[in-house]
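Here's the structure we're looking at; comments come further down.
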There are 2 protein chains.
Amino acid sequence: MASKETKQRGRPRSFDRETALEQAIRSFWEQGYEATSISDLTRTMGISAPSLYAAFGDKRALFDEAVAEYGRLYGGFLPRAVAEEPTARRGVERALREAAAEYTLPGRPRGCLVISAAQNTAPASAEVAASLREMRLSNIRDIQRAITADIASGELPATTDAAALAHYAGAVIQGMSQQARDGADRTTLEAIAELAMKAWPETETQTEREGAGETEGTGKAADDPEKEPEAKAGKTRGEARRTRPRTADRP
Amino acid sequence: MASKETKQRGRPRSFDRETALEQAIRSFWEQGYEATSISDLTRTMGISAPSLYAAFGDKRALFDEAVAEYGRLYGGFLPRAVAEEPTARRGVERALREAAAEYTLPGRPRGCLVISAAQNTAPASAEVAASLREMRLSNIRDIQRAITADIASGELPATTDAAALAHYAGAVIQGMSQQARDGADRTTLEAIAELAMKAWPETETQTEREGAGETEGTGKAADDPEKEPEAKAGKTRGEARRTRPRTADRP
DNA sequence: CGATTTCTATATCGCTCGCTACAAAAAGAC
DNA sequence: GTCTTTTTGTAGCGAGCGATATAGAAATCG
């Protein structure tokens with residue numbers, strides 16, 4: 001099945017679907033779901049309404065596809081950082097640092113589409129709001145899972161309140177998104193992120209290790225956001241954190 | 001000067017203007033500016049459209065009045081806390097604590113109208129968005145001013161980055177608002193607030209400092225020795241409640 | 001009592017919304 | 001070429017938007 005040899009029969013599409021989707025992402029990212037009208041979309045995507053509906057379904061389907069692509073291209077840094085770093089602290093620290101950069105990159109809408117595109121939602125689009133809220137809660141659950149694992153492994157004190165710490169980190173990220181929309185620059189957001197990490201509980205085994213002179217060497221390279229496509233940025237990453245080396249940092 | 005003794009000449013208004021405004025606040029608070037339609041408003045306010053326009057002007061004027069009244073009734077706790085507490089730390093700490101309560105009070109829309117009602121804004125209402133953004137920035141400037149004063153007085157280390165610390169506090173508050181909208185309960189928000197304060201710089205003169213009497217400590221000493229036993233719904237009127245004296249933060 | 005003033009309800013206005021018929025246009029299949 | 005399939009632009013659907021014209025209802029004034 002799925003032989004792509006057969007040529008399209010009818011008149012070929014005169015626009016690039018991915019480019020058009022990219023423009024739709026920008027519109028939704030900047031204005032949110034409700035406030036982005038079909039005529040906004042047809043203008044920025046450079047196509048007519050019937051072409052839009054033929055290629056993407058309806059407004060809701062286009063938005064869903066835009067959100068999925070947004071997660072693949074822009075918004076996946078948080079679950080990625082949490083999944084890839086060996087400790088929750090470093091994961092959150094990296095996520096906050098990357099958020100500071102991602103939320104303020106020149107030439108992009110500011111802040112996080114998922115955080116901001118659902119608000120101001122009329123009852124008619126309650127489904128959209130609920131869907132995006134679920135994504136935000138899922139991100140917080142991801143963080144909480146990492147924290148719980150660190151408590152179990154002794155990386156964090158047994159007295160740590162995992163849920164509270166996770167919600168704190170989520171709040172800081174959401175607050176940073178809000179402030180980015182309000183014009184805060186990258187430096188300001190980075191300062192916020194750095195301050196926020198001062199609230200993180202002391203590492204249980206802080207004094208004993210620290211011998212491995214890793215410090216900067218690898219961190220610099222692993223710092224670059226949006227590098228690997230990360231197959232699916234979707235949710236339901238049940239055991240995504242099994243990559244924890246648990247042996248300090250660097251072999 | 002203007003004597004209100006003169007009786008109204010025509011047919012008297014058949015609804016209570018303040019009650020109607022209160023309902024308008026709820027609608028805008030829950031749904032935001034854009035998503036709240038005139039028919040939403042006439043339904044919840046219990047009046048017809050012409051009555052609404054006669055009593056409040058247009059939708060924008062009604063919203064402005066609703067925001068002003070919101071600040072008077074609900075949203076003024078942050079500037080109040082910052083202004084009334086003797087130190088920025090205690091001001092922010094109190095503001096965060098009050099935000100946790102205010103954002104989740106039963107029978108009220110969740111979160112902060114100012115933070116959430118402007119997002120998802122179409123170009124047509126750019127003015128509204130700009131106006132609310134300016135209010136958020138003003139709140140952050142208030143915090144920053146208090147921090148700068150504390151640095152000058154030696155209450156905070158001279159190395160403290162006032163702007164960064166202020167933006168951090170603002171981000172935490174905005175993140176808490178977002179999470180309140182997403183269903184976080186008061187306990188969760190309080191845990192976030194408590195964690196956030198662990199990032200606050202150590203007080204310079206942590207041990208003594210009580211009798212030295214800085215200038216502004218004159219009348220401001222109305223910093224209430226615990227008299228109110230945790231007033232339940234006592235939301236307004238800046239009575240500074242405090243669970244423990246300023247000796248230490250940790251049990 | 002009219003006369004005047006002000007509020008209320010009905011019934012829209014012009015506009016934009018998301019969405020879609022419709023037929024011409026452009027390709028492969030025969 | 002002719003037929004079939006798909007995309008294209010035009011043009012417009014019903015519904016809801018913010019805002020109003022109009023006329024009747026309810027109060028005070030002389």
Side-chain angles (χ1 to χ4, degrees), chain A residues 3-21 23-24 27-28 31-66 117 120-129, chain B residues 3-21 23-24 27-28 31-66 117 120-129:
Chain A
S3 123
K4 295 175 67 175
E5 304 308 316
T6 56
K7 279 274 211 168
Q8 274 281 76
R9 270 265 271 173
R11 173 173 174 172
R13 182 176 282 139
S14 67
F15 63 94
D16 181 58
R17 196 177 184 281
E18 281 198 33
T19 303
L21 179 58
Q23 293 308 311
S27 294
F28 284 129
Q31 303 194 321
Y33 175 74
E34 293 267 345
T36 301
S37 69
I38 296 291
S39 84
D40 286 338
L41 291 167
T42 57
R43 189 177 56 255
T44 62
M45 298 167 80
I47 63 179
S48 62
S51 297
L52 187 156
Y53 280 87
F56 298 100
D58 60 0
K59 183 185 178 183
R60 173 65 197 275
L62 172 58
F63 181 69
D64 288 344
E65 199 170 337
N120 215 24
T121 299
S125 331
E127 276 185 35
V128 174
Chain B
S3 85
K4 291 225 156 137
E5 303 309 314
T6 56
K7 277 276 206 167
Q8 274 279 77
R9 271 264 270 172
R11 172 174 174 173
R13 183 176 281 138
S14 67
F15 62 93
D16 181 57
R17 196 178 184 279
E18 281 199 33
T19 303
L21 179 58
Q23 293 309 311
S27 293
F28 285 129
Q31 303 193 321
Y33 175 73
E34 294 267 345
T36 301
S37 69
I38 296 291
S39 83
D40 285 338
L41 292 167
T42 57
R43 190 177 55 255
T44 61
M45 297 167 82
I47 62 179
S48 63
S51 297
L52 188 156
Y53 281 87
F56 298 100
D58 60 0
K59 183 184 179 182
R60 172 65 197 276
L62 172 59
F63 181 70
D64 288 344
E65 200 170 336
N120 215 22
T121 298
S125 328
E127 277 185 34
V128 174

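Please read all numbers here as calculations on a predicted model, not as lab measurements.
The CG-P distance, from A/Asp58 to C/dT20, rounds to 8 Å in whole Å. Atom pair B/Glu34:CD and C/dC17:P shows a separation of 11 Å (rounding to whole Å applied). Protein atom CG of B/Leu52 is 11 Å distant from nucleotide atom P of C/dT8, rounded to whole Å. Regarding A/Leu41, its CG atom lies at a distance of 10 Å from the P atom of C/dC19, rounded to whole Å. Rounded to an integer number of Å, the gap from CD1 of A/Ile38 to P of D/dG14 is 19 Å. Computed from coordinates, the B/Met45 CE to C/dT8 P distance equals 11 Å when rounded to whole Å. Between the P atom of D/dG16 and the CG atom of B/Asp40 lies a distance of 12 Å, rounded to the nearest Å. The NZ atom of B/Lys59 sits 4 Å away from the P atom of D/dG18 (whole-angstrom rounding).
Phosphate contact (OP1/OP2 of C/dA25, side-chain N/O of A/Arg11, threshold under 4.0 Å): absent. For B/Ser48, no side-chain nitrogen or oxygen approaches OP1 or OP2 of C/dT8 to under 4.0 Å. A sub-4.0 Å separation between OP1 or OP2 of D/dC17 and a side-chain N or O of B/Ser37 is present. Here A/Ser39 reaches the OP1 or OP2 of C/dC17: one of its side-chain N or O atoms lies under 4.0 Å away. Phosphate contact (OP1/OP2 of C/dT20, side-chain N/O of A/Tyr53, threshold under 4.0 Å): absent. Proximity of A/Ser51 to the phosphate of D/dT8: a side-chain N or O atom is located under 4.0 Å from OP1 or OP2.
Listed here is the closest heavy atom pair of A/Lys59 and A/Glu34: NZ-O, 3.7 Å. Contact detail for A/Ala117 and A/Phe28: the closest heavy-atom pair is CB-O, 4.1 Å. Pairing each heavy atom of B/Thr42 with each of B/Ser48, the nearest pair is CG2-C, 3.9 Å.
Within 4.0 Å of B/Ala49, counting heavy atoms only, lies at least one base atom of the nucleic acid. B/Thr42 comes within 4.0 angstrom of no nucleic acid atom, judged by non-hydrogen atoms across all strands.
A distance-only check finds a donor-acceptor pair linking the side chain of A/Asp40 to the backbone of A/Ser37 [under 3.5 Å].
For the atom pair CG of B/Leu21 and CE of B/Met45, the computed distance is 6.5 Å after rounding to the nearest 0.5 Å.
Each of A/Pro50 and A/Ala54 has a nearest nucleotide on DNA chain D; the 5'-most of these lies closest to A/Ala54.
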